[in-house]
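The structure under discussion appears below in the form of structure tokens.
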Amino acid sequence: MPPIRVLTALDQARTQYYHFKAIVIAGMGLFTDSYDLFCIAPVMKLIGRVYYKPQDGSASPGVTPPAVVSATVGVALLGAVAGNLVFGALGDRAGRRRVYGASLLLMVCSSVGSGFSVCRTRGCALASLCLFRFLLGVAIGGDYPLSATIMSEFSNRRTRGAFIAAVFSMQGFGILASSGVTMAVAAAFDRYTGRRAPLDTPEAADLAWRIILMAGAVPAAITFYWRMGMPETARFTALVEHDVVKATNDIGRVLTDLDLASVTEEEAAAFRRTTSLPQFGLVTAPSASYGLFSRRFLRRHGRDLFACAAAWFLLDIPYYSSTLFQSQIYRPWYPPEEHVNAFQEAFNVAKFQAIIAVASTIPGYFVAVLLIDRVGRRRLQLAGFLLMAVFLFALAGPYDRYWRGHAKDAWYIVLYALTFFSANLGPNTTTFILPAELFPARFRSTCHGISGAAGKLGALIGAIGFLWASQDRDKKKVLAGYEPGIGMMYALIILGGICLLGLAVTYVLTPETMRRSLEENESEHGQNSHAGENDVGQRFQELTELPKSPASMVSSHVSTSPIHPHRFSV
């Protein structure tokens with residue numbers, strides 16, 4: 001890549017106030033994402049009590065049917081697949097900043113829409129909820145590539161991994177906020193309605209779940225002003241729009257302590273000539289030479305794209321399966337559903353989510369931030385997949401013989417929590433970072449979106465497929481509304497095997513990007529696959545040293561460059 005001074009300065013810049021501000025601004029989108037995705041479990045408990053009251057007079061509370069739960073979860077994940085692809089592509093075409101605000105605005109509107117859900121009849125309310133959850137998923141999916149790309153392009157090479165990991169770690173606090181809001185709303189309504197009997201669900205419960213969903217719009221709305229005030233990233237402006245002066249001015253407004261000499265119009269014009277004037281024997285820049293679906297892209301970046309997408313896909317199957325596995329774990333720790341009312345049941349579900357977040361999820365993110373720029377992305381991803389497999393196998397082996405009857409055993413909870421710790425320490429964080437570092441600026445957001453979409457397809461398999469497959473083979477022990485499956489033991493064994501497959505993919509295909517500039521990562525892969533091509537950065541340096549007149553420029557270049565039959569036309 002051309003040695004643009006502003007990009008070199010960004011790579012060498014010391015950590016400044018704006019870096020932390022950018023972490024909060026970008027991270028608040030991930031905060032809202034996890035809030036909206038994880039609050040749905042207790043919300044489904046309330047919806048079951050409100051809209052699925054038993055009609056036969058049985059002494060059991062209403063339960064949301066598994067098909068409805070699967071549809072509600074599935075539409076959000078399908079929306080996330082679409083959002084990753086659409087907003088990822090738009091981020092490379094319209095600019096990161098312009099699309100960034102649009103995804104956040106959609107997130108606010110769809111969160112509010114999910115709470116209103118238009119009407120109060122069961123069919124209409126649930127259909128409306130699924131519609132707005134799909135749109136919410138689109139916004140959530142769109143935030144992934146934009147947040148990662150923006151943070152990677154603002155960061156220096158020494159702490160880039162920690163900054164992106166810090167953005168992603170906001171998910172843990174989003175889970176905690178989701179649990180906290182749900183517990184507060186449930187406790188307030190329980191007290192306000194007079195602590196009703198277990199089977200007495202007041203109409204106020206229909207308002208409670210709507211408030212929980214709409215609260216997700218608050219952090220996104222607060223962040224919208226600061227997000228729209230962010231400048232476009234210097235790498236997009238310089239490398240995609242080819243405006244070096246504007247890139248320097250934009251970044252100079254927010255990072256004031258850069259070791260950056262003035263970028264003159266002459267230097268900017270020289271850079272533009274390297275990207276648009278092949279008639280003087282200059283190599284055409286990558287931004288004009290090949291497209292996303294070209295063979296050249298496949299040779300240069302196909303392996304990296306497959307590695308990122310496959311690792312993310314393989315991670316999200318066990319990760320989201322384990323998330324829904326929580327219902328099998330917290331049930332023995334709390335009173336049976338028929339012994340608590342709607343608000344108390346939702347409170348208990350949210351309470352367990354908060355415990356897991358504090359004990360394993362957030363610490364895993366914290367350790368990842370500390371180690372990512374010391375140990376490296378590849379090693380952490382390898383370690384995370386290996387540890388996830390170990391803990392899943394430890395749960396699977398004695399599950400039918402021991403754990404099923406000893407779910408209150410402390411080691412059972414510890415092993416379960418360690419699977420989340422290992423995931424967040426390793427692949428759940430690194431799969432978010434690597435696609436933001438491996439690809440050229442004009443493909444970066446798109447490739448991250450493709451990788452994220454693959455991950456959400458894995459999440460769809462984990463959240464729905466394994467939810468049904470993990471049901472007991474004995475029909476008498478199957479949860480209400482489900483069909484017999486392969487059993488929890490075999491489901492956990494398969495999930496552990498998937499983690500080992502992710503370990504193999506990482507070991508064979510995933511490169512290391514630690515402490516390398518984004519342009520170095522790109523050029524190294526280009527040199528590996530195109531060793532005979534001229535280096536654009538070297539050509540840029542030669543050009544800036546040439547005389548100013550076009551005639552002397554041509555004569556000087558001819559005298560110092562080997563003749564190539566395709567470089568000149570007479």
Side-chain angles (χ1 to χ4, degrees), residues 26-41 43-44 69-91 99-100 102-111 113-114 129-150 167-168 170-172 174-175 178 213 216-217 219-220 308-324 423-424 427-429 431-433 435-436 445-467:
M28 198 53 65
L30 276 299
F31 177 97
T32 307
D33 297 346
S34 61
Y35 179 99
D36 291 321
L37 288 177
F38 282 84
C39 73
I40 198 64
V43 163
M44 285 292 104
V69 176
S70 298
T72 307
V73 173
V75 294
L77 294 174
L78 284 175
V81 171
N84 269 287
L85 295 174
V86 172
F87 280 93
L90 288 175
V99 184
Y100 209 26
S103 69
L104 196 66
L105 187 61
L106 179 60
M107 196 181 299
V108 172
C109 295
S110 53
S111 293
S114 296
L129 176 61
C130 286
L131 171 63
F132 285 111
R133 291 287 294 178
F134 176 81
L135 296 176
L136 181 62
V138 173
I140 289 173
D143 202 73
Y144 274 65
L146 296 173
S147 293
T149 299
I150 286 176
V167 168
F168 195 64
M170 296 295 285
Q171 280 196 329
I175 298 171
S178 168
L213 290 178
C308 292
W312 207 331
F313 174 81
L314 294 171
L315 162 75
D316 275 3
I317 295 176
Y319 187 78
Y320 277 81
S321 298
S322 298
T323 300
L324 293 177
N424 294 321
N428 195 37
T429 299
T431 52
F432 181 78
I433 295 174
S445 179
T446 301
C447 291
H448 197 288
I450 294 172
S451 302
K456 287 299 175 282
L457 287 176
L460 197 62
I461 295 173
I464 297 178
F466 275 87
L467 181 63

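In this structure, Tyr100 OH and Ser445 OG are separated by 10.5 Å, a value rounded to the nearest 0.5 Å. The structure places CG of Leu136 at 12.0 Å from SG of Cys130, a figure rounded to the nearest 0.5 Å. Atoms CG and CD1, on Leu85 and Ile450 in that order, are 6.5 Å from each other to the nearest 0.5 Å. The distance from atom CG of Leu135 to atom OG of Ser111, rounded to the nearest 0.5 Å, is 10.5 Å. Residue Leu146 holds its CG atom at 8.5 Å from CG of Leu90, rounded to the nearest 0.5 Å. Atom CZ in Phe87 sits 5.5 Å away from atom OG in Ser103 (nearest 0.5 Å).
The shortest heavy-atom contact between Asp316 and Gly455 is OD2-O, 2.9 Å. Taking both residues in full, the closest heavy atoms of Val108 and Ala217 are given as O-CB, 3.8 Å, listed atom of the first, atom of the second, then distance. Summarising the geometry of Leu77 relative to Ala463, their closest heavy-atom pair is CD1-CB, 4.0 Å, with the distance given to 0.1 Å. When all heavy atoms of Ser70 and Ile464 are compared, the closest pair comes out as O-CD1, 3.5 Å. The two atoms that bring Pro318 and Leu314 nearest to each other are CD-O, 2.8 Å, heavy atoms only. Contact between Cys39 and Leu213 at its shortest, heavy atoms only, is SG-CD2, 3.5 Å.
Note on ring orientation: taking the six-membered ring where Trp is involved, the planes of Phe168 and Phe432 are parallel (angle under 30°, cut-offs 30° and 60°).
Side-chain atoms of Ser110 come within 3.5 Å of backbone N or O of Met107 as a donor-acceptor pair. The closest donor-acceptor contact from the side chain of Ser451 to the backbone of Cys447 lies under 3.5 Å. A donor-acceptor pair is defined here as one N or O able to donate and one able to accept, closer than 3.5 Å; such a pair exists between the side chain of Arg133 and the backbone of Asp36. A side-chain donor-acceptor contact under 3.5 Å links Thr429 to the backbone of Asn424.
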Run the numbers on Val138 and Val86 for side-chain contact (heavy atoms from CB on, under 4.5 Å), then give the verdict.
-> CA-CA 9 Å; Val138 173; Val86 172; 5.9 Å; no
For side-chain contact (heavy atoms from CB on, under 4.5 Å), just list the numbers for Trp312 and His448, CA-CA rounded to whole Å, side-chain angles, deciding distance to a tenth of an Å, and then say yes or no.
-> CA-CA 11 Å; Trp312 207 331; His448 197 288; 3.7 Å; yes
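The closest side-chain heavy-atom distance from Met170 to Tyr35 is not below 4.5 Å.
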